[in-house]
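Report on the following structure.
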Amino acid sequence: MNTATAILPPSAVAPPAPARQLYPRKVWAVILAVYGGLVIALPALHLLVPASSPLHLSDYTVTLTGKILCYATVALAMDLVWGYTGILSLGHGLFFALGGYAMGMYLMRAIGRDGVYGDPVLPDFMVFLDWKQLPWYWLGSNHFLQQALLVVLVPALLAFVFGWFAFRSRIRGVYFSIITQALTYAAMLLFFRNQTGFGGNNGFTDFKRILGFPLASPHTRIVLLVLSATLLLSVLVLCRALVLSKLGRVLTAIRDAEDRVRFCGYDPVRFKLFVWTLSAAICGIAGALYVPQVGIINPSEMSPANSVEIAIAVALGGRGTLLGPILGAALLHGAKSVLTVAFPELWLFALGLSFIVVTRWLPRGVLGLFWREGGS
């Protein structure tokens, strides 16, 4: 028996029974079938089927699917830190929004002379606010590769610095959750200011193209959808490999008995900092794919309510399962897209009720219903 196995509680030595059931070949067959439907069947129904046909998928459906895939990726990243490491974050919406803003800066510069004011350098909102030149942090934002790098680095760096101080100070539990919520709220207030140079309350919008391809084109829209689906599958494979590795066992041990892990000679700070930073980077990439699909990014994406929705999606689907958060995000944001249009005043009540139901009667989430039926 190795040292890690000896010190870990029984629940951390191997994934719990429900987690083991997520990885048979038949489950992966279903996952790949869904992925094939998203990257093959859905594009065919959108591009090849005439608009007059009842089988045709509209632009709205394609955009909504891409949005849900991005939200599902964020929920999966959240499950990595909450479900497997025991770190409940109420600020993951900040990392998602920062990745979106980094990509939005490139998209704004790509508008060029096609903007309302026709300025080849300054975005429209800067011309409107009488800015004379680009701020230093906008320099080079017209280069896609630079902004793609910032999509990962900015959220990861912020998460690393914040996590370094928080974890070294042994802040955890509800105190950590409150601090993360305060962090995203402070960032939201900062980005609301016109003086910060990020569009203020309106944010970035009116995007025209990405890498020279028009965003209004159905083909561009499909490519972004395929990239979103591929990102989600890639993150799922990465997270699965991580949680089933020795590192994943240590993370589970930290979740179940952090003090015991520390007393046995392990440094939980390094493990928590790694998974926390990785989760933030994943959120940033998801945000970068989200923005060109929805056509806007503003400070409301940093709202604490959005971060709470991420946590609810994980709980709804079943935390500590990887597949559960994906299902939870699909259910939550699918319902949100319907209710906010049909019954906008009822959405928050439905959101709160779903959390109460999951907490009271579905502690293992919606995915737990299938496990019970399977005899787990």
Side-chain angles (χ1 to χ4, degrees), residues 70-71 73-82 85-106 135-141 145-172 175-193 195-200 203-204 231 235 238-239 268-291 297-311 314:
C70 293
Y71 284 130
T73 303
V74 176
L76 187 54
M78 177 71 170
D79 193 36
L80 191 60
V81 295
W82 185 26
T85 318
I87 304 172
L88 174 56
S89 167
L90 296 179
H92 259 47
L94 172 59
F95 306 132
F96 178 76
L98 287 176
Y101 266 98
M103 180 56 63
M105 292 170 70
Y106 165 77
W136 63 268
Y137 44 85
W138 274 79
L139 297 179
S141 56
L145 290 180
Q146 171 184 305
Q147 294 307 114
L149 188 62
L150 291 178
V151 162
V152 178
L153 289 182
V154 173
L157 182 60
L158 176 62
F160 181 85
V161 173
F162 175 82
W164 173 264
F165 289 103
F167 297 143
R168 283 177 60 88
S169 302
R170 300 189 182 182
I171 300 174
R172 52 186 176 181
Y175 304 103
F176 183 86
S177 302
I178 292 174
I179 293 177
T180 57
Q181 190 174 54
L183 176 67
T184 188
Y185 187 70
M188 181 185 71
L189 295 180
L190 177 65
F191 275 69
F192 264 124
R193 296 173 58 86
Q195 294 86 345
T196 57
F198 293 107
F204 302 155
L231 172 65
V235 172
L238 172 64
C239 291
V269 172
R270 291 184 298 168
F271 295 100
K272 293 168 69 174
L273 191 58
F274 167 76
V275 74
W276 172 255
T277 304
L278 175 62
S279 179
I282 293 173
C283 290
I285 299 174
L289 283 173
Y290 171 86
V291 169
I297 179 70
N298 57 43
S300 65
E301 292 295 338
M302 299 180 184
S303 168
N306 283 12
S307 296
V308 172
E309 285 185 4
I310 296 171
V314 175

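Excluded from the calculations below are hydrogen atoms, water molecules and symmetry mates; all remaining heavy atoms, backbone and side chain alike, are included.
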**Study point:** Exercise: identify the closest heavy-atom pair between G284 and P155
**Key:** CA-CG, 3.9 Å
Point to revise | side-chain contact (heavy atoms from CB on, under 4.5 Å) partners of I285, counting only residues at least two apart | key: V151, V152, L231
Check your understanding: If only atom types and distance count, is the side chain of Q146 paired as donor or acceptor with the main-chain N or O of L139 below 3.5 Å?
Key -> yes
Revision key, fill the gap. Across all chains, not counting sequence neighbours, the ring-ring contact (aromatic ring centres under 6.0 Å, His included) partners of F204 are Y101, F125, W138
**Study point:** Nearest-0.5 Å distance that lies between atom OH in Y106 and atom CG in L145
**Key:** 9.5 Å
Practice item. Check whether more than 12 heavy atoms from other residues, nucleotides or ligands sit under 6.0 Å from atom OH of Y185, and answer yes or no. Key: no
Only distances under 3.5 Å count here; give the side-chain donor-acceptor pairs of residues 157-172 to other protein atoms, sequence neighbours excluded, each with its distance to 0.1 Å.
from	atom 1	to	atom 2	distance (Å)
S169	OG	F165	O	2.7
R172	NH1	E258	OE1	3.0
R172	NH2	D259	OD1	3.1
R172	NH2	D259	OD2	3.3

Review point. Any side-chain heavy atom of D79 sitting closer than 4.5 Å to one from C239?
Key: no
Exercise for review: Using the side chain to side chain donor-acceptor pair (under 3.5 Å) rule, collect all pairs that involve residues 274-287, keeping only residues at least two apart or in two chains.
Suggested key: H92-S279
Exercise for review: Could you pull out all residues at least two apart from E301 that satisfy salt bridge (Lys or Arg N to Asp or Glu O under 4.0 Å)?
Suggested key: none
Review point. Do the side chains of F198 and M105 get nearer than 4.5 Å, heavy atoms only?
Key: yes
Review point. Quick check: does any side chain N or O of T85 sit under 3.5 Å from a backbone N or O of L80, one acting as donor and the other as acceptor?
Key: yes
Check your understanding: Do L90 and T184 touch side chain to side chain, with heavy atoms closer than 4.5 Å?
Key -> no
Check your understanding: For the atom pair CZ (F96) and OH (Y71), what is the distance rounded to the nearest 0.5 Å?
Key -> 5.0 Å
Revision key, fill the gap. Residues passing the salt bridge (Lys or Arg N to Asp or Glu O under 4.0 Å) test with R193, sequence neighbours excluded, are none
Study note, to complete from the structure: Tightest non-hydrogen contact, residues A281 and A156, listed as CB-CB, 4.2 Å
Study note, to complete from the structure: Output for pair (L94 CG, S303 OG), nearest 0.5 Å, gives 11.5 Å
Practice item. Determine yes or no for a side-chain-to-main-chain donor-acceptor pair under 3.5 angstrom, with Q147 supplying the side chain and M103 the backbone. Key: no
Study note, to complete from the structure: Nearest heavy-atom contact between M302 and A97 is CG-CB, 3.5 Å
Study note, to complete from the structure: Interatomic distance, CG@N306 vs CD1@I310, rounded to 0.5 Å, equals 7.0 Å
Exercise for review: Could you tell me whether the side chain of F191 reaches within less than 4.5 Å of the side chain of L98, counting heavy atoms only?
Suggested key: yes
Exercise for review: Could you tell me whether Y137 atom OH has more than 12 heavy atoms of other residues or ligands within 6.0 Å of it?
Suggested key: yes
Review point. What are the two closest heavy atoms between M78 and S89, and how far apart are they?
Key: CE-O, 2.9 Å
Revision key, fill the gap. Exactly one candidate in L278, V275, V314 meets side chain to side chain contact (heavy atoms under 4.5 Å, CB included) with V81; the answer is V275
